[in-house]
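Nothing fancy with the numbering, it's 1 onward along the sequence.
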Amino acid sequence: MNLLKSIPGPVLVFMGAFCLSFGGLIVKSFDDANLWQILFWRQIFFAIIVSLYLFIVYKKNFFKSFYVSGIPGFLAGFILSLGFASYVFSMYKTTVANTNFIIATETIFLALFGYLFLKEKIKLVTYISIFLGMLGVLLIIGNSLSFQTSDEMLGNIVAFIMPISFAVLVIIIRKYPNVDMVPAQFTAGIFAAIIGFIIAGNLTISLNDLFLALIAGFFQVGFGFILITIGSRTTPSAMVGILMLSESVFGPLWAWLFINELMPISVLIGGCIIIFSILLQTFFSENRNNIN
């Protein structure tokens with residue numbers, strides 16, 4: 001852990017986002033496992049890696065860390081579990097590009113929820129960003145209406161649960177800044193695994209699929225979230241937002257390079273508009289903070 005703490009925060013955040021970007025490629029590479037089996041095994045391995053991290057950090061206070069996180073940590077974990085489930089569902093049902101670009105709207109939801117629940121004022125540039133972001137989303141959804149199946153359309157709609165859950169998680173963190181949310185990640189993994197267990201019924205999968213689930217749980221989600229959590233402590237929030245966009249850029253790239261999943265031009269344009277809207281808000285917010 002001392003080695004990780006010696007690495008600059010922005011580098012850790014980028015590394016975490018880079019790990020997360022492989023999610024779509026991994027989900028699309030499973031042979032026979034259905035989405036609920038994927039969810040169960042992915043989250044079981046995720047919970048294992050997070051618990052190992054907590055044991056290393058808290059040692060004999062492992063269980064106390066969950067008690068200290070209290071109701072906010074429990075609530076954050078439950079909401080995040082819905083996001084984990086929606087991520088696998090949407091990746092299974094629709095394209096990697098669609099899911100990643102929709103997930104990028106979390107910054108927009110964060111601004112809205114900050115206004116509703118924390119009474120944070122929405123600046124003009126934020127309104128412009130929200131308008132542009134929704135325009136990008138409409139282009140992506142419109143492509144689904146024109147060219148994709150009803151299953152893919154459902155996948156696009158369910159994908160919105162992920163950015164909403166992340167936005168709610170951040171709001172809880174802002175509301176309770178002294179609460180360590182790493183235990184909440186373990187809780188989220190267990191809740192999501194329970195969802196997969198209840199719906200999947202049969203949990204037997206091939207060794208190849210089990211290996212992919214291990215890679216997803218340990219490397220993609222596990223390392224990804226741990227690196228981002230550690231890196232965010234010493235990285236300005238504006239920079240975190242920019243670095244996290246790399247997931248939306250790399251994710252469709254891996255799908256194109258390794259499984260030949262191509263993006264319709266409307267999805268590419270919509271994704272670029274969403275990313276531009278977030279960069280616009282981020283840069284203006286950072287400049288305002290520097291002036292103040």
Please report, to 0.1 Å, the donor-acceptor pairs under 3.5 Å made by any side chain of residues 70-80, with sequence neighbours excluded.
none

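- Looking at every heavy atom in both residues, S29 comes nearest to L212 through O-CD1, 3.4 Å.
- Atom-to-atom distance recorded for F101:CZ and M263:CE is 5.0 Å, nearest 0.5 angstrom.
- The CZ atom of F62 sits 4.0 Å away from the CZ atom of F55 when rounded to the nearest 0.5 Å.
- Under the 4.5 Å side-chain criterion, counting only non-hydrogen atoms from C-beta, V221 is not in contact with Y87.
- Nearest heavy-atom pair, K28 versus Y92, reported as atom, atom and distance to 0.1 Å: NZ-O, 4.2 Å.
- Taken together through direct or relayed side-chain contacts under 4.5 Å among Ile, Leu, Val, Met, Phe, Trp and Tyr, V57 and F46 form part of one hydrophobic cluster.
- L203 and I205 fall within a single hydrophobic cluster, where Ile, Leu, Val, Met, Phe, Trp and Tyr side chains are chained together by heavy-atom contacts under 4.5 Å.
- Heavy-atom minimum distance, N34 versus A200: OD1-CB, 4.5 Å.
- Within the structure, side-chain hydrogen bond (donor to acceptor under 3.5 Å, both in side chains) pairs that include any residue of residues 65-83 do not occur (at least two apart or interchain).
- The backbone N or O of I108 lies less than 3.5 Å from no partner atom in the side chain of T105, so there is not a single donor-acceptor pair.
- Counting heavy atoms from C-beta outward, V96 and L25 have side chains that stay 4.5 Å or more apart.
- Among residues two or more places apart in sequence or in another chain, the ring-ring contact (aromatic ring centres under 6.0 Å, His included) test is passed with F18 by F22, F250, W254.
- A distance of 10.5 Å separates CD1 of I265 from CG of L139, quoted to the nearest 0.5 Å.
- With a 4.5 Å cut-off on side-chain heavy atoms, I195 and W36 count as touching.
- Under the ring-ring contact (aromatic ring centres under 6.0 Å, His included) criterion, F109 pairs with no residue at all, not counting sequence neighbours.
- Between N100 and G251 the shortest heavy-atom distance is ND2-CA, 3.7 Å.
- Pairs engaging residues 150-176 under the ring pair (Phe, Tyr, Trp, His ring centres under 6.0 Å) rule: F166-F225 [sequence neighbours left out].
- Side-chain heavy atoms closer than 4.5 Å link hydrophobic residues (I, L, V, M, F, W, Y) into clusters, and following such links, possibly through other members, connects L118 to Y127.
- Heavy atoms from other residues, nucleotides or ligands lying under 6.0 Å from CZ of F218 number more than 12.
- Within the model, atoms CD1 of I44 and CG of L39 stand 10.0 Å from one another, a figure rounded to the nearest 0.5 Å.
- Hydrophobic clustering, with ILVMFWY side chains joined whenever heavy atoms are under 4.5 angstrom apart, groups L20 together with L257.
- Counting only heavy atoms from C-beta outward, the side chains of F40 and V88 never approach each other to under 4.5 Å.
- Here the side chains of I26 and M91 are not in contact, with every heavy-atom distance at 4.5 Å or above.
- Under the 4.5 Å side-chain heavy-atom criterion for grouping Ile, Leu, Val, Met, Phe, Trp and Tyr, V158 is connected to I198 within one hydrophobic cluster.
- Screening residues 89-107 for salt bridge (Lys or Arg N to Asp or Glu O under 4.0 Å) gives K93-D151 as the qualifying pairs, with residues at least two apart or on separate chains.
- Checked against ring-ring contact (aromatic ring centres under 6.0 Å, His included), F63 has no partners two or more places apart in sequence or in another chain.
- A search for side chain to side chain donor-acceptor pair (under 3.5 Å) contacts involving N208 returns D31, not counting sequence neighbours.
- Considering CG of L279 and OG of S129, their distance stands at 9.5 Å, rounded to 0.5 Å.
- Between I273 atom CD1 and F131 atom CZ the span is 9.5 Å, to the nearest 0.5 Å.
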Which donor-acceptor pairs under 3.5 Å do the side chains of residues 179-194 make with protein atoms, sequence neighbours left out?
unit_1	atom_1	unit_2	atom_2	d
D180	OD1	V182	N	3.1
D180	OD2	Y58	OH	2.1
Q185	NE2	T229	OG1	3.0
T187	OG1	P183	O	3.2

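- Remark: F211 pairs with no residue by the ring-ring contact (aromatic ring centres under 6.0 Å, His included) rule, at least two apart or across chains.
- Heavy-atom minimum distance, S277 versus L132: CB-CB, 3.6 Å.
- Between V168 and F117, the closest side-chain pair of non-hydrogen atoms is not below 4.5 Å.
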**Request:** I would like to know whether L169 and S165 meet side chain to side chain contact (heavy atoms under 4.5 Å, CB included); could you show each step before the answer?
**Result:** CA-CA 6 Å; L169 174 65; S165 70; over 6 Å; no

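- Scanning for side chain to side chain donor-acceptor pair (under 3.5 Å) contacts around N260 gives an empty result, with sequence neighbours left out.
- Heavy-atom minimum distance, I49 versus G222: CG2-CA, 3.6 Å.
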**Request:** Starting from the C-alpha separation in whole Å, work towards a yes-or-no answer on side chain to side chain donor-acceptor pair (under 3.5 Å) for S206 and D32.
**Result:** CA-CA 8 Å; S206 67; D32 303 313; 5.1 Å; no

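- For residues 191-205, the pairs satisfying side-chain hydrogen bond (donor to acceptor under 3.5 Å, both in side chains) are N202-T204, with sequence neighbours left out.
- Two residues are said to be in side-chain contact when any heavy atoms from C-beta on lie closer than 4.5 Å; I102 and T99 fail this criterion.
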**Prompt:** Would L210 and F45 satisfy side chain to side chain contact (heavy atoms under 4.5 Å, CB included), going step by step from the backbone distance to the final call?
**Reply:** CA-CA 10 Å; L210 188 64; F45 288 121; 4.0 Å; yes

